[in-house]
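Data first, discussion second: the structure below is written as structure tokens.
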Amino acid sequence: MVSVPLVYPGLAVVPPAGPFALALPLPLATCATTAGGFAVAGTIGGWCGFAWGSGMAAGHFFVFSVVGSTMVITGAAAGVLQIVPNTPAGSSCIFGAADWLAAGTVTMAP
């Protein structure tokens, strides 16, 4: 969940920035080396379709950038995700997207 909802560029003069948190319980997320789900926390800034940030996942630092609906993650966690606002939950880039759906793979360094 993003604490400062992201909108399309032009709908916000200054890019919003703030903390985010993500928790994926089983069976939505699995980790090959750790029992249970997956939790991430960090900061994000930017707009829908153009954002950046950093965070921690299971003690692994990572940075990411988003262009369009593609999120590229680098650092001790690396991968590519496709992300879209969770419109069934009311998230929209026009009114503010704080809840996102993601699909892809992330690998963490040992």
Side-chain angles (χ1 to χ4, degrees):
M1 180 72 74
V2 177
S3 68
V4 180
L6 302 182
V7 296
Y8 284 126
L11 295 178
V13 177
V14 176
F20 75 89
L22 171 66
L24 299 173
L26 289 172
L28 298 177
T30 59
C31 180
T33 59
T34 305
F38 187 72
V40 176
T43 59
I44 187 170
W47 298 275
C48 280
F50 184 65
W52 54 87
S54 62
M56 295 289 286
H60 294 79
F61 179 77
F62 66 92
V63 295
F64 65 88
S65 60
V66 178
V67 176
S69 62
T70 302
M71 174 185 274
V72 177
I73 303 165
T74 59
V80 177
L81 301 174
Q82 295 301 310
I83 62 168
V84 295
N86 187 357
T87 53
S91 247
S92 132
C93 288
I94 295 173
F95 300 108
D99 191 7
W100 297 80
L101 302 174
T105 302
V106 177
T107 304
M108 289 190 280

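When reading the values below, keep in mind they use all heavy atoms of this one structure, side chains included, and skip hydrogens, waters and symmetry mates.
At most 12 non-hydrogen atoms from other residues, nucleotides or ligands lie less than 6.0 angstrom from CZ of Phe50.
Residues Met71 and Val80 fail the side-chain proximity criterion, which asks for heavy atoms closer than 4.5 Å.
Looking at every heavy atom in both residues, Cys93 comes nearest to Trp100 through SG-CH2, 4.3 Å. The minimum heavy-atom distance between Phe64 and Ser54, with the atom names listed, is CE2-N, 3.6 Å. Nearest heavy atoms, Met56 versus Phe62: N-CE2, 3.5 Å.
Expressed to the nearest 0.5 Å, how far CG of Leu81 lies from OG of Ser69 amounts to 10.5 Å.
Although no hydrogens or angles enter the test, the distance criterion places a donor-acceptor pair under 3.5 Å between the side chain of Ser91 and the main chain of Ala98.
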